[in-house]
Amino acid sequence: DNADEEEKEEGDTEEDSPIGDTILCVSRHAGKTFRDIAINEPGFVRWVRNREPLRCSELQALLVWLDETDEGRVVSRESKGNEVFGYGQHRGKTFSQVAQRDPSYHKRYLAMQPDPGPVVDRYIAWLGDFL
């Protein structure tokens, strides 16, 4: 019955929707799922987030998935822990590694400088999700 189908579509929950399995068809990441991009391509996700306005509906859909679905928010938060420091005493280590091995790093760094820089800003923002 069409009424039942319409009700089901309107009542779909995020758990019913495989949006994370959506395959991107544009950019150098064409062929990858939203989930794969969120986990393995933090630089691309940052680029998409900082791009205004987004003219591509697929990239807009990626951002909606990252920001407005439970799965997207969790995957996005977890994948940010894989970002790597490119300088300083923790060069080459991921955010997750630094948080585990040097949990007071962000406090020492903030005390030394008024502006910690973009990578440490992202680290502190990521860490804030767990504090």
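- Relative orientation of the W65 and F34 rings is tilted, given thresholds of 30° and 60° on the angle between their planes.
- Side-chain contact between V45 and L66 is present, with at least one heavy-atom pair separated by less than 4.5 Å.
- The two residues T33 and G20 make their nearest non-hydrogen contact at CB-O, 3.5 Å.
- Looking only at side-chain heavy atoms (C-beta outward), L24 and K32 stay at 4.5 Å or farther from each other.
- Using a 4.5 Å cut-off on side-chain heavy atoms (C-beta onward), R35 and D21 make contact.
- For the atom pair CD1 of I23 and CD1 of I37, the computed distance is 10.0 Å after rounding to the nearest 0.5 Å.
- Rounding to the nearest 0.5 Å places NE2 of H29 at 9.0 Å from CH2 of W47.
- One distance of note links CD of E41 with CZ of R28; it measures 7.0 Å at 0.5 Å rounding.
- One finds the CG atom of D36 at 13.0 Å from the OG1 atom of T22 (value rounded to the nearest 0.5 Å).
- Separation of atoms CD (Q60) and CZ (R55) is listed at 11.0 Å; rounding is to 0.5 Å.
- Taking CD of Q97 as the start and CG of D102 as the end, the distance is 12.0 Å to the nearest 0.5 Å.
- Under a hydrophobic-cluster definition in which Ile, Leu, Val, Met, Phe, Trp and Tyr are linked whenever side-chain heavy atoms come within less than 4.5 Å, directly or via other members, F44 and V64 are assigned to different clusters.
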